[in-house]
Student: 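I am attaching a structure below and will ask some questions about it afterwards.
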Amino acid sequence: MKEVLIIIPAYNEEKNINKVLDKLEEPEITEIADILVMNDASSDNTNWIVKQRNHAVVTHIFNLGYGSALQLGYKYAIRRNYKYVIQMDADGQHDVCNILNIYKALKTKYNDSYPDIVLGSRYLKDSSPYKTSCLKELAYSIFRTFIKMSTGKTIMDPTTGLQGLSWRAVLYYSKYGNFDERYPDANMITGMILKGYNVVEIPAVMHSREFGKSMHSGLKPIWYMCHMTLSLIAVVVRQHKEKRRMERQKKHEQ
């Protein structure tokens, strides 16, 4: 049984996913990992391309969103007893060279404990150069500040989709109500840090998309910023309420 499941959410990625799978089928990756493609009701040939290459694929009848695709992948990983999950995009932006680095990080102790979440970051000192729009840079700056203020921890790339997860983190995410079905980004990272999960960040190599349309294209970044800001506030409020509830329960038991 392989230790790692690589989960790839995909929506209309027929022009990109072959290149991604070519690199993932290199022996150094296939020795440690299986591949699961979450096909979120693509209208192109994404589903058939993956099936022809004999990788596991789950196809949604209706488009359920990025977060829902990931969460179903987590449920799959738990039922198949994978020790780690590494999630990456199907569009080629996440270089496959990151897989082994994330796997190594998951098996390395940080602050006397193994990480629950390893974030592949575009904005650390040793990360590859990566260009983003001014609007996105503004959003990232806001999210970084919010995470720092609410958790005390600095996260340079709070919206990265390139992540490695321990079994403990995957189990939590797989349960009903524990995962954002649309945009699981800075809000999930903030919540996990506040809950005491060990979150670490490592440099990553990323590229610009060659084909297709990003889920943050057009005016969507503006909606995304509003949604994420409100979600971040809700996460912190919920966590503080839960903390107070547990403190009251502890006092009552004493």
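Numbers here are sequence positions counted from 1. These numbers were taken from a predicted model, which means no experiment stands behind them.
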Student: With a sphere of 6.0 Å drawn around NZ of Lys153, does it hold more than 12 non-hydrogen atoms of other residues, nucleotides or ligands?
Tutor: yes

Student: Measure the spacing between CG of Asp40 and OG of Ser68 and express it to the nearest 0.5 Å.
Tutor: 7.5 Å

Student: Supply the atom-to-atom distance Met192 CE to Gln239 CD, rounded to the nearest 0.5 angstrom.
Tutor: 10.5 Å

Student: Is the Tyr130 ring parallel, tilted or perpendicular to the Tyr123 ring (thresholds 30°, 60°)?
Tutor: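 Rings of Tyr130 and Tyr123: perpendicular, over 60°.
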
Student: Of all heavy-atom pairs between Leu124 and Pro203, which one has the smallest distance, and what is that distance?
Tutor: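 Answer, listing the atom of Leu124 first, then Pro203: CD1-N, 3.5 Å.
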
Student: Strictly distance-based, threshold 3.5 Å: is any side-chain N or O of Glu14 a donor or acceptor partner for the main-chain N or O of Asn45?
Tutor: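 Yes: the side chain of Glu14 pairs with the backbone of Asn45.
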
Student: Looking only at heavy atoms, which two atoms of Ile99 and Met88 are closest? And how far apart?
Tutor: CD1-SD, 3.8 Å

Student: So, Arg245 and Glu242, do they make that salt bridge, N to O below 4.0 Å?
Tutor: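 Looking at Glu242 together with Arg245, the answer is yes, because their closest N to O distance falls below 4.0 Å.
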
Student: For Ser174 and Ile78, which heavy atoms make the closest approach, and how far apart are they?
Tutor: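 Here Ser174 and Ile78 meet closest at OG-CG1, 4.1 Å.
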
Student: List, by chain and then residue number, the residues other than Ile61 in its hydrophobic cluster (Ile/Leu/Val/Met/Phe/Trp/Tyr, side-chain heavy atoms under 4.5 Å); write none if there are no others.
Tutor: Phe62

Student: Between the main-chain N or O of Asp44 and the side-chain N or O of Ser42, is there a donor-acceptor pair closer than 3.5 Å?
Tutor: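 Judged by distance alone, no pair lies under 3.5 Å.
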
Student: Taking His55 for its side chain and Val50 for its backbone only, find out whether a donor-acceptor pair lies under 3.5 Å.
Tutor: no

Student: If only atom types and distance count, is the side chain of Lys2 paired as donor or acceptor with the main-chain N or O of Thr30 below 3.5 Å?
Tutor: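 Yes, the answer is positive, given that a donor and an acceptor are paired below the 3.5 Å cut-off.
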
Student: Going by the angle between their ring planes, with limits at 30° and 60°, are Tyr103 and Tyr84 parallel, tilted or perpendicular?
Tutor: perpendicular

Student: What are the two closest heavy atoms between Ser166 and Leu106, and how far apart are they?
Tutor: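 Smallest heavy-atom distance, with atoms named: N-CD2, 4.1 Å.
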
Student: Please check if any side-chain donor atom of Gln87 sits under 3.5 Å from a side-chain acceptor atom of Tyr74, or the reverse.
Tutor: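 The answer is yes; a qualifying pair exists.
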
Student: Taking all non-hydrogen atoms of both residues, which atom of Leu162 and which atom of His94 are closest, and how far apart?
Tutor: N-CE1, 3.5 Å

Student: Asn198 side chain to Asp116 main-chain N or O, any donor-acceptor pair under 3.5 Å?
Tutor: no

Student: Is the side chain of Asn47 donor-acceptor paired with the backbone N or O of Asn39 at a distance under 3.5 Å, no angle test?
Tutor: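 It does not hold such a pair.
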
Student: Can you give me the closest heavy-atom contact between Arg144 and Pro158, atom names plus distance?
Tutor: CG-CD, 4.1 Å

Student: Just checking Arg80: does its CZ atom have more than 12 heavy atoms from other residues, nucleotides or ligands closer to it than 6.0 angstrom?
Tutor: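 For Arg80, atom CZ is not crowded (no more than 12 foreign heavy atoms under 6.0 Å).
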
Student: Give a yes or no on whether the backbone of Val96 and the side-chain of Asn98 come within a donor-acceptor separation of less than 3.5 Å.
Tutor: no

Student: Testing Val85, Ile102, Ile86 one by one against Val4 for a side-chain contact (heavy atoms from CB on, under 4.5 Å), which residue passes?
Tutor: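 Result for side-chain contact (heavy atoms from CB on, under 4.5 Å) with Val4: Ile86.
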
Student: Rounded to the nearest 0.5 Å, what's the gap from CD1 on Ile7 to CG on Asp34? Could you check?
Tutor: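 One finds 11.5 Å between CD1 of Ile7 and CG of Asp34.
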
Student: Distance-only, no hydrogens or angles: does the Thr145 side chain make a donor-acceptor pair with backbone N or O of Ser141 under 3.5 Å?
Tutor: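 Flag set: sc Thr145 to bb Ser141 pair under 3.5 Å.
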
Student: Judged by atom type as modelled, is there a donor-acceptor pair below 3.5 Å linking the side chain of Thr190 to the main-chain atoms of Leu232?
Tutor: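 No, the answer is negative, given that no donor and acceptor are paired below the 3.5 Å cut-off.
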
